[in-house]
Amino acid sequence: MTMQQIAERVGVSKFAVSQALSGKPGVAEETRNRILQAANELGYDSKGKSREAAPGPRRSRGRGKGRGASAYKGTVVILMPNVRFQSRESHFWGRIVDGVAVALSERDIGVLMVTENYSERSLKSINPQALLGLVGVGYMSTQLLLEVRHLGIPSVLIDHEDPLVPADSVFMNNFEAVRAMTELVLQTGRTRLRFVGNPRYASSFRDRWLGFRTVLEDARLEVPDPESDPLMRLEEQHPHLTVDLVVDELCARGELPSAFVCANDFMGYLILKALARNGVNVPGQVAVTGFDHTDEGVDASLPALSTVHVPREGLGRRAVEMLFTRLADPDRPVEKTLIGGALLLRESFRSE
């Protein structure tokens, strides 16, 4: 089975089939769903080979060849809904997907990328009998996770979990990383700290907030109230408007904190830009830290942001390892794996 045959069946170009199967933009959602459905019905995998119909995951005969070859053969779905800035082109999410795809390729496993926003058609186009499993990347609604569970195939989630739909998952150790960064900030004598980011936005943001809060509580320092602090109630749309307004007011009243600990690099650079516009010296007057090491929103005129390095490809690879562990032992308890990250101290924070 080839992409050309899929193209002829659906009535689209071979290029459109390639874009749809690799999760790249440029294909309408309805067309992408038709392509995915045809690919599954015809038994196509990313290596251009037809698959035999099978009742579930199967092992190949004999020993695999090459580095990382797997005893399993088939296809794994990478599911990444296009919500909350999650996309293949993202500095953060794209590298995670790369890690998943490379790890599967090393095992000679086919990849089917699904990136649409949630719809019943997206999942109905997937034939679970032809799949080994699924790796979910980023935030997913409970409804979508229930649909995934209904497929009856092993699944691993990256940077997301849902108490209503238990599944294996892999996260950064967000709590410990932010706790370590915040303790380092306190060691420099900076005791008036503000957290930037909405803890309700994602479980990773919540864990980062908890790490920050724990340090302040242990040091018996004042803890910001998430319900009344506008920097902790930022919305997905236009967060820069709130950041600019709050920083302007703090500067006007002479009430700037001695450090801003931000939930990610994007928020960190919003803070740096607002401080620069007000003529605030960083890190002399105020230190700023981020998280993710994406340098998202970077401006060469601003100080390099101190941050937490996230091994994004490593998260993807670990998810694949967990998926094959689940395939080997379907009845094992659900597991949550935490990956550590390194603190990168740069111009926006001086530790000495």
Checklist entry - Is T325 close to R332 at the side-chain level, that is, under 4.5 Å between some pair of heavy atoms? => result yes
Here the pair of heavy atoms bringing A167 nearest to S155 is CB-O, 4.4 Å
Residue pairs meeting salt bridge (Lys or Arg N to Asp or Glu O under 4.0 Å), one or both in residues 169-180, sequence neighbours left out, come to E176-R179
When rounded to the nearest 0.5 Å, the distance separating SG of C251 from CG of L256 is 4.0 Å
Smallest heavy-atom separation, V100 atom then I78 atom, equals CG1-CD1, 3.6 Å
Self-check item: Linked, directly or transitively: L184 and L344 (ILVMFWY side chains, under 4.5 Å)
Solution: no
Under 3.5 Å, sequence neighbours excluded: what are the donor-acceptor pairs made by side chains of residues 215-223?
residue: E217; atom: OE2; partner: R213; partner atom: NE; Å: 3.4

Distance col, row S204:OG vs I158:CD1, nearest 0.5 angstrom, shows 13.0 Å
Hits for side-chain hydrogen bond (donor to acceptor under 3.5 Å, both in side chains) against D162, two or more places apart or cross-chain, chain-then-number order -> T142
Residues passing the side-chain hydrogen bond (donor to acceptor under 3.5 Å, both in side chains) test with E347, sequence neighbours excluded, are none
Between the CG atom in L157 and the CE atom in M322, the distance rounded to the nearest 0.5 Å is 9.5 Å
For atom CZ of R206, is the number of surrounding heavy atoms from other residues, nucleotides or ligands below 6.0 Å larger than 12? yes
Output for pair (M172 CE, R312 CZ), nearest 0.5 Å, gives 10.5 Å
Of all heavy-atom pairs linking P226 and R233, the shortest is O-CG, 3.3 Å
Quick check: do L193 and V185 have side-chain heavy atoms less than 4.5 Å from each other? yes
Rounding to 0.5 Å, atoms CG (D159) and CD1 (I339) come to a distance of 12.0 Å
- Would you tell me whether T294 and D292 have side-chain atoms, one donor and one acceptor, within less than 3.5 Å of each other? no
**Asked** Does R200 make a cation-pi contact with F205, if we ask for NZ or CZ under 6.0 Å from the ring centre and within 45° of the axis?
**Response** no
| field | Within-4.5 Å side-chain heavy-atom neighbours: L250 and P257 | value | yes
ask   = Quick one: are V12 and V17 in side-chain contact, heavy atoms under 4.5 Å?
value = yes
dist H293:NE2 -> R95:CZ (nearest 0.5 Å) comes out at 9.5 Å
Next item on the list: Would you check if L132 and L323 make a side-chain contact, meaning some heavy-atom pair closer than 4.5 Å?
Entry: no
Applied to residues 143-200, the ring pair (Phe, Tyr, Trp, His ring centres under 6.0 Å) test, sequence neighbours excluded, yields Y139-H160, F195-W209, F195-F212
Hey, are the side chains of V288 and C262 touching, using non-hydrogen atoms and a 4.5 Å cut-off?
yes
Smallest heavy-atom separation, V170 atom then A319 atom, equals CG1-CB, 3.9 Å
- Query: Is L131 reachable from L151 through a run of I, L, V, M, F, W or Y residues, each pair having side-chain heavy atoms under 4.5 Å apart?
  - Reply: yes
G197 and P199 have their tightest heavy-atom pair at O-CD, 3.2 Å
K14 meets the side-chain hydrogen bond (donor to acceptor under 3.5 Å, both in side chains) criterion, sequence neighbours left out, with none
Heavy-atom nearest pair, M181 first then T307, reads CE-O, 3.5 Å
Do R194 and V261 have side chains that approach each other closer than 4.5 Å (heavy atoms only, starting at C-beta)? no
